[in-house]
Amino acid sequence: MPKHDHPIRTRYAPSPTGPQHIGGIRSALFAWLFARRHGGQFILRIEDTDQKRSVPGSVEQIMAAFDWLGVDIDEGPRIGGDYGPYVQSQRLEMYQQWANWLVAQGHAYRCFATSEELAEMRKAGRGYDRRYRDFPAEHSDEQAAQGMPHVIRFKMPLAGRTRGCDMIRGEVAFDNAQLQDAVLLKSDGFPTYHLAHIVDDHTMRISHITRAVEWLPSFPLHLQLWHAFGWEMPQYAHLPVLLNPNGKGKLSKRKQQFADSRGKTVPVLMQEFQAAGYLPEAVVNFLTNIGWNFGDDQEVFAVKAAIPRFDLQAVNPANSAYPIAKLDWLNSQWVQRLPADDLARRLKPVLEAAGYAVDEALLREVAPSLKVRLKSLNDVVGMAGFFFENWSEFTPPAAEILIQRKMDAASTLAILRGALPVLESLEDFSAEAQYSAFSAYAASSGQKNGAVFGSLRAAASGQKVSPPTFDTMQILGKAESLRRVKLAVAALENAAP
RNA sequence: GCCCCAUUCGUCUAGCGGCCCAGGACGUGGCCCUCUCAAGGCCAAAACAGGGGUUCGAGUCCCCUAUGGGGCACCA
C-alpha cells in the first residue's frame, strides 16, 4: 500500500435521476467512511452529462438522504468548495478542452461515423471498426471546421495488456485487443463518463475512486486515459454490489420497494426506509455490515465506532444477496438502545402521520414500555395508538377481545367485577403496586395471573396486544382505568346478562 | 459469442498455510422466562461448489471445470 502524501479525498458522483437507491448510497457510505477514517474530505459531484435522464429536484433528494443518514458532505453543489463547479454540465468547456488536447497529442481522434453506420457495424458483429482512427489530420480538421458532426474517440492500444490495481481485488489485467475506441466527447459537446470522471477526479484532487464493480470492464480504458493525460493516478476501488434477496440479479434493477418470495416488503429507495420506520442508525449499521464487518464478532455498532476501523482493502470482493431480514433485527436493537426521550421524539411524527394529536408528555410516559416491542417505528400505531385517542370517547372492546383464552363471558365478568374494589382501594397506583395487588387478587379468587391481567389489559386498552397491563393502567391513571373497567363490565352485562 | 470479477451454513460474514473435525450474526426449530406481544437466556440443525496440483500440512496458494454476477452504447 503506497503512502499518500496528498490528503484523502473521495467522492460520490451520482446521476441526478431522482430518488436515491440503496445500492448507490451504500457505495457512497463506503467512500465517506474511508474519507472520515483518514481525516479527508468527501465530495458530492453530480454527473448530469446525459441530459435526457436528468430529473429536477434530484440534488435535493440526494442531499436529504445523506442528511438523514448523518453522512456529511464537505464539498458539492449547494455547499461549494475550492474545486467547483460540482455539476458536470457546468464544466463542459473543461472537458472539450481536454478532449481536444488528447486529439492534438495523438491520443484521440475525431470520428465522423453516423449513427446509421454505427448501427450497421454493430449488426455485423464486432462494434465500431475504428474507420476514422487513421483519418488524415488535415481532412479531419477540415471536416470539423465545416461543422460536420463528430465525436472524439480514444485511441486504445491495439495490442498488449493493460494492468491495474484495484484496492479490493488486487491486480487485474485486460487484453487491449478486446477493447474499443471509446467515445470521449459526444457530438453534442457533452463528455461521456469516461472522460468526465477522469478530468473531474483529477481537477478535484480525488485520491481514491470508489465505484461499483460494473465499472471494472472499463477500468483498462480509464487506466490508459490517465496514462495519456500523464496525470498522477488515484487509487481505484471497485465495490461489490447488492444482489436481489434471492441472489439472482442486481438489486439496482429494482426501481422501488417490492415484496420478496415470503411477502415481506423489501425497501430499496432511501425514502422507503424512512417511511417504513427504520432508524437511520440502523440503516447505516446494516449497510456497513454488508461486504465489511466491524470485527470482534460485533454486529451492532455506531458509525462513529466503525470509522476508525474502516478499511477499503478489507471489503469483501464478492457481491452479496441483500440480507434485508437482518435490518428488522438491527432496527429493534437500535430502538432498544435508544434513551426513552429520544425514542419518544422519533415516534411523534409517526403518530402524527397516523392522525393522532400527540401529547408529548404522554408519549414520554409510554415510550419506555415500547422499547422492546417495536421492530419498526411504525409499529407504535398498532401497539400504543390507543393512548392518543380521545379518552372520553373510549368504547369498550368487543367480547371476543375482552374474553381471554379458555374463558367465557361469565368468568370474565366475575374477574372484572372483582377487580373493581381492588382498583378502588389502590392508593399507590404504580405498576408495581398494581401488580402485587392483582396477583393477590388472582390467588385469592383462584384465577391465574394471566386470566386476570389479560382481562384487565383488554378492558383498559381495548386491545388483545398492548404494553404490559399495569404500565398501561398507570399511564391511564386510576380514574380512567376504573372507568374503562366499569365500561367493560357494563358491556359484558349487556351482551350476556 | 468474447472479456472481466467472484464463489465458506438458507442469508450476511470470521478465516489472509498448521490455533478450524471451520467461529459469530440473522433467519429457522426446541426449551426456559412470562399478564398479551415482544425482549432476553440456553440448546439444535446448517457451509469450505467440484476436480486436479503445490506443500510435511490447504477453507487459506496455483490451474481447470461448474455456478453466480457484470461488461461489450454518442447511459452512467
Side-chain angles (χ1 to χ4, degrees), chain A residues 13-15 17 47-50 52-53 111 113 115 118 122 125-128 149-153 166 168-169 172-175 177-180 182-194 196-197 211-220 238 240-241 243 245-250 262 286 289-300 314 316-330 332-333 335-336 369-375 379 382-383 404-405 435 438-439 442 448-458 461 463-470:
Chain A
S15 291
T17 51
E47 306 213 330
D48 61 343
T49 55
D50 186 4
K52 295 182 282 285
R53 302 203 314 172
C111 170
S115 44
L118 255 12
R122 248 194 305 279
R126 234 164 297 300
Y128 179 63
H150 62 272
V151 300
I152 290 178
R153 285 182 185 271
D166 174 77
I168 295 171
R169 286 148 234 278
V172 285
F174 307 79
D175 274 325
Q178 299 290 338
L179 301 158
Q180 303 222 335
V183 172
L184 263 22
L185 198 72
K186 305 183 235 181
S187 56
D188 62 2
F190 276 67
T192 59
Y193 167 82
H194 305 115
H197 99 269
R211 46 156 48 161
V213 252
E214 41 253 47
W215 288 108
L216 201 51
S218 53
F219 189 26
H238 291 91
V241 297
L243 269 22
N246 62 8
K248 304 281 182 199
K250 282 199 297 187
R262 283 192 285 179
F286 170 65
N289 236 345
I290 308 170
W292 184 79
N293 70 92
F294 188 83
D296 301 336
D297 287 334
Q298 199 176 323
E299 310 276 336
V300 184
N316 186 336
N319 295 336
S320 55
Y322 190 43
I324 188 64
K326 229 173 183 174
L327 178 57
D328 284 335
W329 173 76
L330 234 21
S332 77
Q333 292 297 312
V335 168
Q336 285 183 62
S369 59
L370 256 25
K371 278 191 175 191
V372 295
R373 288 168 237 277
L374 303 181
K375 260 219 271 287
D379 293 343
M383 178 67 70
Q404 303 299 292
R405 277 201 318 142
Y435 180 86
F438 281 105
S439 10
K448 295 211 155 127
N449 278 356
V452 174
F453 300 0
S455 303
L456 285 169
R457 165 204 326 291
S461 70
Q463 302 185 166
K464 236 174 178 136
V465 173
S466 82
T469 301
F470 305 124

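A note on names: the letters A, B, ... follow the listed sequences, proteins ahead of strands, and every chain is numbered from 1.
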Which nucleotide in [options] has an atom nearest any side-chain atom of [X]:
{"X": "A/Leu216", "options": "B/C5, B/C74, B/C35", "answer": "B/C5"}
{"X": "A/Lys186", "options": "B/C74, B/A6, B/C26", "answer": "B/C74"}
{"X": "A/Pro323", "options": "B/C12, B/A39, B/C37", "answer": "B/C12"}
{"X": "A/Arg122", "options": "B/C74, B/C12, B/G24", "answer": "B/C74"}
{"X": "A/Ser320", "options": "B/C12, B/C35, B/A39", "answer": "B/C12"}
{"X": "A/Gln178", "options": "B/A73, B/C2, B/U11", "answer": "B/C2"}
{"X": "A/Val372", "options": "B/A39, B/C35, B/U11", "answer": "B/A39"}
{"X": "A/Thr192", "options": "B/A39, B/C35, B/C75", "answer": "B/C75"}
{"X": "A/Trp329", "options": "B/A6, B/A25, B/U13", "answer": "B/A25"}
{"X": "A/Ile290", "options": "B/U13, B/C74, B/A38", "answer": "B/U13"}

Hey, does [X] reach any base, or is it just sugar-phosphate, or nothing, if we go heavy atoms under 4.0 Å?
{"X": "A/Arg53", "result": "base"}
{"X": "A/Leu118", "result": "base"}
{"X": "A/Ala177", "result": "nothing"}
{"X": "A/Ser466", "result": "base"}
{"X": "A/Ser218", "result": "nothing"}
{"X": "A/Pro468", "result": "base"}
{"X": "A/Gln336", "result": "sugar-phosphate"}
{"X": "A/Tyr193", "result": "base"}
{"X": "A/Val172", "result": "sugar-phosphate"}
{"X": "A/Val183", "result": "sugar-phosphate"}
{"X": "A/Gly450", "result": "sugar-phosphate"}
{"X": "A/Ala458", "result": "nothing"}
{"X": "A/Gly291", "result": "sugar-phosphate"}
{"X": "A/Asp296", "result": "nothing"}

Integer angstrom distance from the [atom1] of [N] to that of [M]:
{"N": "B/G59", "M": "B/A6", "atom1": "C1'", "value": "16 Å"}
{"N": "B/G52", "M": "B/A58", "atom1": "C1'", "value": "14 Å"}
{"N": "B/A47", "M": "B/U54", "atom1": "C1'", "value": "25 Å"}
{"N": "B/G41", "M": "B/C21", "atom1": "C1'", "value": "28 Å"}
{"N": "B/A25", "M": "B/U34", "atom1": "P", "value": "25 Å"}
{"N": "B/C16", "M": "B/C48", "atom1": "C1'", "value": "15 Å"}

Is there a donor on the side chain of [X] or the base of [N] sitting less than 3.5 Å from an acceptor on the other?
{"X": "A/Glu299", "N": "B/G24", "value": "yes"}
{"X": "A/Ser187", "N": "B/C74", "value": "yes"}
{"X": "A/Arg457", "N": "B/C35", "value": "yes"}
{"X": "A/Lys326", "N": "B/A25", "value": "yes"}

Side-chain ([X]) to main-chain ([Y]) donor-acceptor, under 3.5 angstrom:
{"X": "A/Asn293", "Y": "A/Asn289", "result": "no"}
{"X": "A/Asp328", "Y": "A/Lys375", "result": "no"}
{"X": "A/Asp296", "Y": "A/Gln298", "result": "no"}
{"X": "A/Thr469", "Y": "A/Phe453", "result": "yes"}
{"X": "A/Ser461", "Y": "A/Gln463", "result": "yes"}
{"X": "A/Lys186", "Y": "A/Thr49", "result": "yes"}
{"X": "A/Asn319", "Y": "A/Val241", "result": "yes"}
{"X": "A/Asp175", "Y": "A/Ala177", "result": "no"}
{"X": "A/Arg169", "Y": "A/Pro317", "result": "yes"}
{"X": "A/Ser369", "Y": "A/Pro467", "result": "no"}

Watson-Crick or G-U counterpart of [N], or none if no pair lies under 3.5 Å:
{"N": "B/U67", "result": "B/A6"}
{"N": "B/A25", "result": "B/U11"}
{"N": "B/C35", "result": "none"}
{"N": "B/C72", "result": "B/G1"}
{"N": "B/C56", "result": "B/G18"}

- [ ] Measure from CZ on A/Phe219 to P on B/C3 and round the result to the nearest Å.
- [x]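 Answer to the nearest Å: 20 Å.
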
Open item on the list: Expressed as a whole number of angstroms, how long is the span from A/Leu327:CG to B/G27:P?
Closed with: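 Distance check: A/Leu327 CG to B/G27 P gives 12 Å.
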
For nucleotides 67-70 of chain B, tabulate all protein N/O to nucleotide N/O atom pairs closer than 3.5 Å, reporting atom names and distance.
{"from": "B/G69", "atom 1": "OP1", "to": "A/Gly249", "atom 2": "N", "distance (Å)": "3.3"}
{"from": "B/G69", "atom 1": "O2'", "to": "A/Asn319", "atom 2": "ND2", "distance (Å)": "2.9"}
{"from": "B/G70", "atom 1": "OP1", "to": "A/Lys250", "atom 2": "N", "distance (Å)": "3.1"}

Open item on the list: Parallel, tilted or perpendicular: which one describes the rings of A/Phe470 and A/Tyr435, with boundaries at 30° and 60°?
Closed with: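 A/Phe470 and A/Tyr435: perpendicular rings.
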
Open item on the list: Both A/Ala325 and A/Pro317 contact RNA chain B. Which one's nearest nucleotide lies toward the 5' end?
Closed with: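 Taking each residue's closest nucleotide, the earlier one in sequence belongs to A/Pro317.
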
